[in-house]
Amino acid sequence: QVQLVESGGGLVQAGGSLRLSCAASGRAFSSYAMGWFRQAPGKEREFVAVINWGTGGSTYYADSVKGRFTISRDNAKNTVYLQMNSLKPEETAVYYCAAPPPWYIGDYYDTGKYAYWGQGTQVTVSS
């Protein structure tokens with residue numbers, strides 16, 4: 001089992017940048033794919049990015065963030081990051097870190113595949 005704690009959210013102007021962090025506790029962090037999701041008020045939670053398990057994990061992004069967001073992981077620190085650049089007001093949301101079961105291979109876009117979730121961190125982008 002893994003516990004996840006996000007940090008790094010805050011208020012930023014449109015066009016600005018933030019880096020979110022997600023610290024994981026528990027064993028075998030490298031065996032978990034790690035994903036980021038977001039949920040805006042009144043909307044469903046949506047996929048943002050994921051990095052596969054292992055040391056050189058493949059990455060996948062929602063089309064809306066490709067070229068602006070970068071997900072990365074540091075297995076030595078049990079931490080996954082989301083670097084967000086050129087932020088837009090419509091990206092104001094609570095951002096969640098999540099992990100599916102260990103060694104998972106499958107649909108990373110489906111929130112139902114993720115077994116572990118953090119509490120979320122608020123990102124507010126002002127216009």
Side-chain angles (χ1 to χ4, degrees):
Q1 191 161 351
V2 62
Q3 290 79 44
L4 305 172
V5 179
E6 302 96 334
S7 61
L11 174 64
V12 64
Q13 289 188 332
S17 299
L18 280 176
R19 188 176 83 154
L20 305 182
S21 299
C22 173
S25 60
R27 296 182 177 181
F29 173 73
S30 62
S31 68
Y32 293 88
M34 298 298 299
W36 286 97
F37 290 77
R38 64 189 179 191
Q39 188 167 19
K43 295 188 176 182
E44 291 188 355
R45 194 169 298 188
E46 65 173 0
F47 170 82
V48 175
V50 66
I51 185 166
N52 208 347
W53 41 262
T55 56
S58 301
T59 58
Y60 305 92
Y61 298 91
D63 287 343
S64 60
V65 307
K66 282 180 182 176
R68 299 185 297 117
F69 289 15
T70 303
I71 188 170
S72 61
R73 66 189 300 157
D74 185 336
N75 289 336
K77 296 183 178 180
N78 281 15
T79 301
V80 63
Y81 305 97
L82 184 68
Q83 177 67 44
M84 305 185 295
N85 299 328
S86 302
L87 281 160
K88 305 174 182 179
E90 56 265 36
E91 295 180 308
T92 294
V94 177
Y95 284 69
Y96 296 91
C97 174
W103 312 117
Y104 175 78
I105 297 176
D107 182 2
Y108 290 121
Y109 301 87
D110 183 357
T111 58
K113 304 301 184 184
Y114 289 76
Y116 310 104
W117 292 85
Q119 82 289 349
T121 185
Q122 177 70 46
V123 172
T124 302
V125 185
S126 63
S127 56

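Along the sequence shown, the residues carry numbers beginning at 1. The structure displayed is predicted, hence computed values, not measured ones.
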Checklist entry - Which pair of heavy atoms, one from Val2 and one from Tyr32, lies closest together, and at what distance? => result CG1-CE2, 4.1 Å

Checklist entry - Glu6 and Trp36: side-chain contact (heavy atoms from CB on, under 4.5 Å), yes or no, with the steps? => result CA-CA 10 Å; Glu6 302 96 334; Trp36 286 97; 3.8 Å; yes

Item to check | Between CZ on residue Arg68 and CD on residue Gln83, distance to nearest 0.5 Å | outcome: 12.0 Å

Next on the checklist: Rounded to the nearest 0.5 Å, what separates atom NZ in Lys66 from atom OH in Tyr60?
Outcome noted: 11.0 Å

Item to check | Heavy-atom pair of closest approach, residues Thr79 and Ser21 | outcome: CG2-CB, 4.3 Å

Next on the checklist: Does any part of the side chain of Val12, heavy atoms only, come nearer than 4.5 Å to the side chain of Ser17, both counted from C-beta?
Outcome noted: no

Checklist entry - So, for Val50 and Ala33, which heavy atoms are closest and what is the spacing to 0.1 Å? => result CG2-CB, 4.4 Å

Checklist entry - Tell me, do Arg73 and Asn78 make a side-chain contact under 4.5 Å, heavy atoms counted? => result no

Item to check | Pairs meeting criterion salt bridge (charged side-chain N to carboxylate O under 4.0 Å, His left out) with involvement of residues 114-125, two or more places apart | outcome: none

Checklist entry - Is it true that the NZ or CZ of Arg38 lies under 6.0 Å from the centre of Tyr95's six-membered ring and within 45 degrees of the ring axis? => result no

Checklist entry - Is there a side chain to side chain donor-acceptor pair (under 3.5 Å) between Gln13 and Ser126 once you walk through the steps? => result CA-CA 5 Å; Gln13 289 188 332; Ser126 63; 5.0 Å; no

Next on the checklist: Could you go through Asn52 and Ser58, starting from their C-alpha distance and side-chain angles, then the distance that decides it, and tell me whether this counts as side chain to side chain donor-acceptor pair (under 3.5 Å)?
Outcome noted: CA-CA 5 Å; Asn52 208 347; Ser58 301; 4.9 Å; no

Item to check | Inter-residue atom distance Asp74.CG - Ser30.OG, 0.5 Å rounding | outcome: 11.5 Å

Next on the checklist: Can you confirm whether Asn85 sits close enough to Leu18 that some side-chain heavy atom of one is under 4.5 Å from a side-chain heavy atom of the other?
Outcome noted: no

Checklist entry - With a 6.0 Å cut-off on ring centres, are Tyr96 and Phe37 close enough? => result no

Item to check | Tyr61 vs Thr59 side-chain heavy atoms within contact, under 4.5 Å | outcome: yes

Checklist entry - From Ile51 CD1 over to Thr70 OG1, what is the distance, rounded to the nearest 0.5 angstrom? => result 10.0 Å

Item to check | pair Ile71-Tyr81: side-chain heavy atoms closer than 4.5 Å | outcome: no

Next on the checklist: I want to check a possible cation-pi pair here: Arg45 against Tyr114, using under 6.0 Å from ring centre and within 45° of the ring axis as the test.
Outcome noted: no

Next on the checklist: Looking at Thr92 and Glu90, would you say the former's side chain and the latter's main chain have a donor-acceptor pair under 3.5 Å?
Outcome noted: no

Checklist entry - Backbone N or O of Ala24 within a donor-acceptor pair of the Gln3 side chain at under 3.5 Å? => result no

Item to check | Student check: side-chain heavy atoms of Val65 and Glu91 closer than 4.5 Å | outcome: yes

Next on the checklist: Is it the case that the side chain of Thr124 and the backbone of Leu11 share a donor-acceptor pair, with hydrogens and angles ignored and the cut-off at 3.5 Å?
Outcome noted: no

Checklist entry - How are the rings of Tyr108 and Tyr104 set relative to one another: parallel (under 30°), tilted (30 to 60°) or perpendicular (over 60°)? => result perpendicular

Item to check | Validation row: Phe47, Tyr109 side chains within 4.5 angstrom (heavy atoms) | outcome: yes

Checklist entry - Between CG of Leu20 and SG of Cys97, what distance do you get to the nearest 0.5 Å? => result 9.5 Å

Checklist entry - Would a 4.5 Å heavy-atom cut-off, applied to side chains only, mark Val125 and Val123 as touching? => result yes

Checklist entry - How many angstroms lie between atom OH of Tyr116 and atom CE of Met34, to the nearest 0.5 angstrom? => result 11.5 Å

